[in-house]
Amino acid sequence: QVQSVESGGGLVEAGGSLRLSCVASGGTFSIYGMGWFRQAPGKERDFVAAINWRGDSTYYSGSVKGRFTISRDNTKNTVYLQMNNLKSEDTAVYYCAADRERYGTMWSSAYDYWGQGTQVTVSS
């Protein structure tokens with residue numbers, strides 16, 4: 001059973017940056033694909049970014065590509081989401097998730113373990 005804890009959320013002005021972290025424990029982090037998803041009030045949970053187990057393949061939603069960067073450090077059991085040029089529409093609770101199939105994917109149903117989320121609020 002993998003447990004993930006997200007951190008780094010907060011309130012930021014539009015155009016600013018935040019870096020989210022997700023530390024995993026209770027499993028072999030280095031073999032999991034990892035993903036970031038977000039959920040705004042009244043909306044469904046949406047895919048943001050994913051990274052494979054080795055960290056050499058990444059995927060992004062169209063709305064964040066070019067602004068967000070996902071990365072991982074397997075020595076620290078941590079996956080990151082660097083968010084630049086934030087917009088008000090990026091406001092949401094951000095969740096990290098672990099995929100036992102190693103590759104990471106945009107489909108939330110493929111993920112086996114989820115964190116509790118961290119709030120990101122972007123003021124315009």
Side-chain angles (χ1 to χ4, degrees):
Q1 182 80 13
V2 173
Q3 295 181 331
S4 302
V5 178
E6 301 95 335
S7 63
L11 174 64
V12 64
E13 292 184 351
S17 298
L18 284 174
R19 188 175 82 154
L20 305 184
S21 300
C22 171
V23 180
S25 62
T28 306
F29 176 80
S30 60
I31 68 171
Y32 292 111
M34 298 297 295
W36 285 97
F37 290 77
R38 66 187 182 186
Q39 188 167 19
K43 296 188 177 181
E44 295 184 352
R45 190 172 296 186
D46 290 332
F47 169 73
V48 176
I51 188 167
N52 71 343
W53 60 289
R54 291 183 302 214
D56 59 2
S57 184
T58 57
Y59 319 90
Y60 297 93
S61 71
S63 62
V64 308
K65 194 170 185 178
R67 300 188 296 124
F68 291 11
T69 303
I70 188 171
S71 61
R72 67 189 296 160
D73 185 342
N74 287 348
T75 66
K76 297 181 179 179
N77 287 1
T78 302
V79 61
Y80 304 97
L81 185 68
Q82 177 66 44
M83 306 187 295
N84 298 328
N85 190 22
L86 283 161
K87 305 176 180 180
S88 58
E89 52 263 43
D90 295 319
T91 295
V93 177
Y94 283 70
Y95 300 90
C96 73
D99 170 17
R100 289 181 296 187
E101 294 300 320
R102 300 187 178 217
Y103 299 106
T105 173
M106 64 181 292
W107 307 108
S108 60
S109 59
Y111 289 85
D112 303 287
Y113 308 106
W114 292 81
Q116 294 301 306
T118 184
Q119 176 70 48
V120 172
T121 303
V122 183
S123 63
S124 57

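Numbers here are sequence positions counted from 1.
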- Under the side chain to side chain donor-acceptor pair (under 3.5 Å) rule, what pairs show up with a residue in residues 95-108, not counting sequence neighbours? Arg100-Asp112
- Note on the structure: salt bridge (charged side-chain N to carboxylate O under 4.0 Å, His left out) filter on Arg67, not counting sequence neighbours, yields Asp90
- For the atom pair CD (Gln3) and CD (Gln116), what is the distance rounded to the nearest 0.5 Å? 9.5 Å
- Query: Looking only at heavy atoms, which two atoms of Leu11 and Ser123 are closest? And how far apart?
  - Reply: CD1-CB, 4.3 Å
In residues 15-32, what donor-acceptor pairs under 3.5 Å come from side-chain atoms, sequence neighbours left out?
from	atom 1	to	atom 2	distance (Å)
Ser17	OG	Asn84	OD1	3.0

- Item | side chain to side chain donor-acceptor pair (under 3.5 Å) contacts in which one or both residues fall within residues 43-57, not counting sequence neighbours | Asn52-Asp56, Arg54-Asp56, Ser57-Tyr59
- Only residue of Met83, Glu6, Gln39 satisfying side-chain contact (heavy atoms from CB on, under 4.5 Å) with Tyr94 is Met83
- side-chain hydrogen bond (donor to acceptor under 3.5 Å, both in side chains) partners of Ser61, counting only residues at least two apart: Ser63
- Message: For Ser88 versus Ser124, what's the shortest heavy-atom pair and its separation?
- Response: CB-CB, 4.2 Å
- Note on the structure: Note: Val2 and Ser4 closest approach over all heavy atoms is CG1-OG, 4.0 Å
- Task: Could you go through the side chain to side chain contact (heavy atoms under 4.5 Å, CB included) check for Glu13 and Leu86 one step at a time?
- Result: CA-CA 8 Å; Glu13 292 184 351; Leu86 283 161; over 6 Å; no
- Taken in chain and number order and not counting sequence neighbours, the residues that satisfy side-chain hydrogen bond (donor to acceptor under 3.5 Å, both in side chains) with Thr75 are Asp73
- Query: Could you state the interatomic distance from SG (Cys96) to CD1 (Ile70), rounded to the nearest 0.5 Å?
  - Reply: 9.0 Å
- Task: Flag the pair Phe68 / Trp36 as yes when their ring centroid distance falls below 6.0 Å, and as no otherwise.
- Result: no
- Message: Quick check: closest heavy atoms across Ala92 and Ala40, and the distance to 0.1 Å?
- Response: CB-N, 3.8 Å
